[in-house]
Amino acid sequence: RVPKVDYKQFQAPDLCRDDECDDEVMLRGLDERIARLPAERRARGVVVFMHQMGSHGPAYFKRSPPAFKKFLPECTSSALQQCDQQQVVNAYDNTIVHTDHVLATAIDWLKSREAQWAPALVYLSDHGESLGENNLYLHGLPYAIAPDAQKHVPWIFWLSAIAGGLAMVIVESRLSSRAFGREIEMDLLSDIARVLLVALGVFAVLRIYDLFHRGALALAFQPTYEAG
């Protein structure tokens, strides 16, 4: 397990201002922190959890650096009711522009390490957000009466070609061993299977959580588009 790191520990003046850091600061020094883990633990696979500032309100305007403010004018107050609704939406949409950049940066970081690992990324939010519709803001209403804007959340799953290929290697090895009458190379395949098990286990847990959060857990056992 990578020890917990608070953004305040980083010395990154290019990414930190006013006692707050941009989300990509979480990638700073990550290689070094992973390298400090015991070798046998790294060999079993590493799972890193990152908790973004992302689109946390009500101060949406603080969640996007100037270069990512594509929607203007934006609300620059935490008192959202005092802003025009479109300005609130603009401020929130700017946070999404920045999150898109953060995810792209994280994926590029993972791609650059495919020679070492079989990387994957799962991204999801724990709640949606109301932006002034029907005079509702933020989130927190009981699920039964909350509007869809507070209940629908994004889900992004990125899997490298290396990680996707692990399962194919196992299947193809089995077929090849039978076709050519050779002993299957279990030492190699067992290492591959362990990495694959971690990746699929994380995905399965988060997928079940997503269905539960949407009140659609029963769909897990139905071959439908909604379950997918």
Side-chain angles (χ1 to χ4, degrees), residues 1-69 78 91-92 94-129 138-140 153-160 162-163 191 194-210 213:
R1 180 175 179 177
V2 177
K4 180 180 178 181
V5 178
D6 190 280
Y7 72 89
K8 293 180 181 179
Q9 296 176 232
F10 294 105
Q11 300 295 321
D14 57 322
L15 295 175
C16 300
R17 61 195 177 279
D18 301 328
D19 197 38
E20 186 168 315
C21 295
D22 299 333
D23 287 327
E24 56 263 47
V25 77
M26 292 185 289
L27 292 173
R28 291 281 176 92
L30 185 55
D31 285 304
E32 292 77 8
R33 294 195 296 277
I34 291 175
R36 288 197 293 268
L37 291 174
E40 65 275 11
R41 293 176 62 185
R42 295 199 307 271
R44 293 197 298 268
V46 177
V47 179
V48 179
F49 288 87
M50 295 183 175
H51 185 200
Q52 288 180 275
M53 286 299 292
S55 300
H56 279 89
Y60 302 124
F61 67 98
K62 292 184 178 181
R63 309 286 109 86
S64 58
F68 295 89
K69 294 187 182 298
S78 295
Y92 186 84
N94 287 332
T95 71
I96 301 301
V97 173
H98 185 234
T99 290
D100 184 68
H101 165 74
V102 172
L103 292 177
T105 302
I107 289 172
D108 286 342
W109 182 83
L110 291 170
K111 285 181 176 178
S112 69
R113 287 148 182 84
E114 286 183 320
Q116 304 166 259
W117 308 325
L121 177 145
V122 179
Y123 171 83
L124 74 161
S125 175
D126 54 348
H127 57 75
E129 201 85 343
L138 304 177
H139 59 274
V153 298
W155 169 281
I156 295 173
F157 182 67
W158 175 84
L159 189 67
S160 74
I162 301 296
D191 290 339
R194 279 196 291 269
V195 175
L196 184 62
L197 184 62
V198 171
L200 293 179
V202 171
F203 174 78
V205 169
L206 293 175
R207 192 70 186 106
I208 291 172
Y209 168 79
D210 170 59
H213 187 71

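Since we're looking at a predicted model, the values are computed, not measured.
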J.: Roughly how far apart are M26 CE and W109 CH2, rounded to 0.5 Å?
T.: 12.0 Å

J.: Which atom pair, heavy atoms only, marks the closest approach of S78 to A59?
T.: OG-CB, 3.6 Å

J.: Classify the angle between the aromatic ring planes of H127 and H56 as parallel (below 30°), tilted (30 to 60°) or perpendicular (above 60°).
T.: perpendicular

J.: Looking only at heavy atoms, what is the nearest atom pair of E129 and G57, with distance?
T.: OE2-N, 4.1 Å

J.: Please name the pair of heavy atoms, one in L121 and one in A106, separated by the smallest distance, quoted to 0.1 Å.
T.: CD1-CB, 3.9 Å

J.: For the backbone of L37 and the side chain of R42, can you confirm whether one donor and one acceptor N or O come within less than 3.5 Å of each other?
T.: yes

J.: First locate atom CZ of F68, then atom NE2 of H101, and finally report the distance between them rounded to the nearest 0.5 Å.
T.: 4.0 Å

J.: Taking atom CG of L15 and atom CG of L27, what is their separation to the nearest 0.5 Å?
T.: 10.0 Å

J.: Which distance, rounded to the nearest 0.5 Å, do you find between the CG of D126 and the NE2 of H51?
T.: 6.0 Å

J.: For V25 and C16, which heavy atoms make the closest approach, and how far apart are they?
T.: CG2-SG, 4.4 Å

J.: Give the C-alpha distance, both sets of side-chain angles, the deciding distance and a yes or no for side-chain contact (heavy atoms from CB on, under 4.5 Å) between R113 and D31.
T.: CA-CA 10 Å; R113 287 148 182 84; D31 285 304; 2.5 Å; yes

J.: Might you point out which heavy atoms bring S55 and Y60 nearest each other, and give the distance in Å?
T.: O-CE2, 3.3 Å

J.: Starting at CG of L103, measure out to CG of D108 and round the result to the nearest 0.5 Å.
T.: 11.0 Å

J.: Give a yes or no on whether a salt bridge exists between R63 and D23, defined as a side-chain N under 4.0 angstrom from a carboxylate O.
T.: no

J.: Judged by atom type as modelled, is there a donor-acceptor pair below 3.5 Å linking the side chain of K69 to the main-chain atoms of N94?
T.: no

J.: Does the side chain of L30 come within less than 4.5 Å of M50's, by heavy atoms?
T.: yes

J.: Please report the shortest heavy-atom distance between L110 and P119, naming the atom on each side.
T.: O-CG, 3.5 Å

J.: By side-chain contact (heavy atoms from CB on, under 4.5 Å), which residues pair with D14, not counting sequence neighbours?
T.: A12, R28

J.: Between OG1 of T105 and CG of D22, what distance do you get to the nearest 0.5 Å?
T.: 11.0 Å

J.: Counting neighbours of NZ on K62 that are heavy atoms of other residues, nucleotides or ligands and sit closer than 6.0 Å, is the number greater than 12?
T.: no

